[in-house]
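Take this structure, written in structure tokens, and hold onto it; I'll ask about it next.
Proteins get letters first, then strands, A, B, ... in listed order; numbering begins at 1 in each. The basis for the numbers below is simple: all heavy atoms, side chains too, and nothing from hydrogens, waters or symmetry mates.
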Amino acid sequence: MLAFEDVTRVHGDGERAVRALGPVAFEIRAGEFVAIMGPSGSGKSTLLSLAGALDQPSDGRVHLQGQDLATLGAAELAALRRRTIGFVFQDFNLLPGLTALENVALPLELDGTPGREAREQANEALARVQLERLTGRFPDDLSGGERQRVAIARAFVGPRRMLLADEPTGALDSVTGELVMRLMRDQCERGLTAVLVTHDPSHAAWADRVLYLRDGRLVDETCAPETGSGSPVLPLRG
Amino acid sequence: MTVKNSLLAILAQEPAHGYGLKSAFEESTAGAWPLNVGQVYTTLARLERDGLVETGPSRSSSEGERERQTWNLTVEGRSTLEGWYRKPVLDDPPARDELAIKVLLAVAADQVDVAEILQIQRAASMQRLQELTQHKRRADPEAELPWLLLLDALILKVKAELEWIELCEARLRGRRP
Ligand SMILES: Nc1ncnc2c1ncn2[C@@H]1O[C@H](COP(=O)(O)OP(=O)(O)OP(=O)(O)O)[C@@H](O)[C@H]1O
Ligand SMILES: [Mg+2]
């Protein structure tokens with residue numbers, strides 16, 4: 001689904017060049033749920049921007065659904081971002097002049113879904129993050145955590161294949177954070193591919209795989225143990 | 001200490017015999033801490049000596065079954081139990097923590113690669129967290145409430161451990177190799 005081939009991202013040049021990421025190489029299969037952890041400034045957001053074609057590598061290649069992103073034109077990239085990829089940004093990115101419902105429905109409408117159907121899907125997405133009663137509110141009239149959930153609903157709405165989420169649970173209490181993790185997990189069981197950047201190990205633990213970045217490099221990786229009839233956690237549970 | 005108060009807590013629900021206490025304790029605590037019956041009987045003897053429980057009539061729990069000694073909570077037992085419920089639990093002095101001891105000793109030693117120790121531990125703790133999270137995901141929030149609450153507690157302990165490892169790594173970076 002997503003592959004990074006020796007990808008590096010450098011900002012600026014010469015003396016003042018800053019290497020934000022790389023070189024890194026990894027692959028994420030369709031339907032996989034991967035979490036990215038690492039200290040502040042380690043390159044997590046940079047990695048997500050590259051994965052979502054919001055930024056281009058200085059070196060190396062990013063493949064999405066088998067296509068090298070560098071070979072796609074602006075219109076193809078825009079369609080990809082609108083149709084295939086759902087983003088949850090670190091700073092939510094909601095449009096202040098639109099209600100919660102309109103914010104969530106917008107990507108669908110831009111993609112040609114008729115208004116009524118788009119609103120229906122948007123309503124359903126908002127209900128999944130337990131915001132069914134606040135669909136008419138403007139972002140300024142929502143709490144930080146509610147705004148964050150609108151952004152999450154927007155990323156989930158429609159036939160998205162991949163979700164890229166940058167600290168989507170930062171402003172959420174532990175119960176709501178868990179709700180969002182369950183939602184991501186369930187969507188991945190149905191074929192969504194998700195990349196989650198988080199500082200919270202208990203959220204990363206919902207993923208199939210956890211990648212650790214440090215100074216722009218992948219330094220470690222852990223996979224979830226086999227599910228099902230694994231070793232019992234506690235003495236009396238088999 | 002915990003066993004003693006746990007038995008009082010169960011007897012406060014209803015009088016029970018020794019084996020019944022064991023089963024009720026394990027059921028309420030999701031089977032996490034198996035009790036052996038011998039331990040239950042020695043604890044009951046001590047509680048009786050201290051006047052916190054007393055023997056009740058012998059009963060058989062079903063037709064034809066051997067009669068067994070039941071136990072009741074005394075008034076004093078009930079007030080001891082209430083005191084226990086109200087007293088906050090503080091880890092003071094802290095329980096011995098093998099990971100902390102190991103890391104501190106490694107930091108003090110000259111020849112030990114602390115970063116490697118932390119990295120190995122982090123991978124193992126994260127896997128454990130992933131495993132616990134899988135169990136949580138499958139737990140039924142109604143039928144398995146004690147199990148779910150226990151998983152939450154275990155998950156948050158491992159989370160704290162991972163955050164501590166991250167702090168250790170950050171503080172040790174820039175230090176001599
Ligand atoms: N436009 C830019 N110009 C120069 N340096 C940049 C630019 N964007 C990012 N960086 C640097 O690249 C590094 C990685 O940034 P990035 O935003 O990917 O970190 P992060 O892992 O997401 O951190 P955080 O957890 O704080 O969000 C940082 O050191 C950052 O200062
Ligand atoms: Mg970031």
A:Ser45: what forms a side chain to side chain donor-acceptor pair (under 3.5 Å) with it, not counting sequence neighbours?
->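 Once residues adjacent in sequence are excluded, the partners of A:Ser45 under the side chain to side chain donor-acceptor pair (under 3.5 Å) criterion are A:Gln90, A:Asp166.
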Pick one of side chain, backbone, both or neither for B:Leu129, based on which atoms fall under 4.5 Å of a heavy atom in chain A.
->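 Both parts, backbone and side chain.
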Can B:Glu26 and B:Lys22 be counted as an ion pair, charged N to O under 4.0 angstrom?
->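 Counted as a salt bridge, because a side-chain N and a carboxylate O are separated by less than 4.0 Å.
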Name the orientation class of the two ring planes belonging to A:Phe4 and A:Phe26 (parallel below 30°, tilted from 30 to 60°, perpendicular beyond 60°).
-> parallel
Atom group of A:Glu221 that falls short of 4.5 Å from chain B, counting heavy atoms = neither
If you measure from the Lys or Arg side-chain nitrogens to the Asp or Glu carboxylate oxygens, is any gap between A:Glu178 and A:Arg182 under 4.0 Å?
-> yes
Pick one of side chain, backbone, both or neither for A:Met37, based on which atoms fall under 4.5 Å of a heavy atom in chain B.
-> side chain
Looking at B:Glu169, B:Lys159, B:Arg122, B:Glu163, which has the largest count of heavy-atom pairs under 4.5 Å with chain A?
->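 Among the listed options, the one with the most contacts to chain A is B:Arg122.
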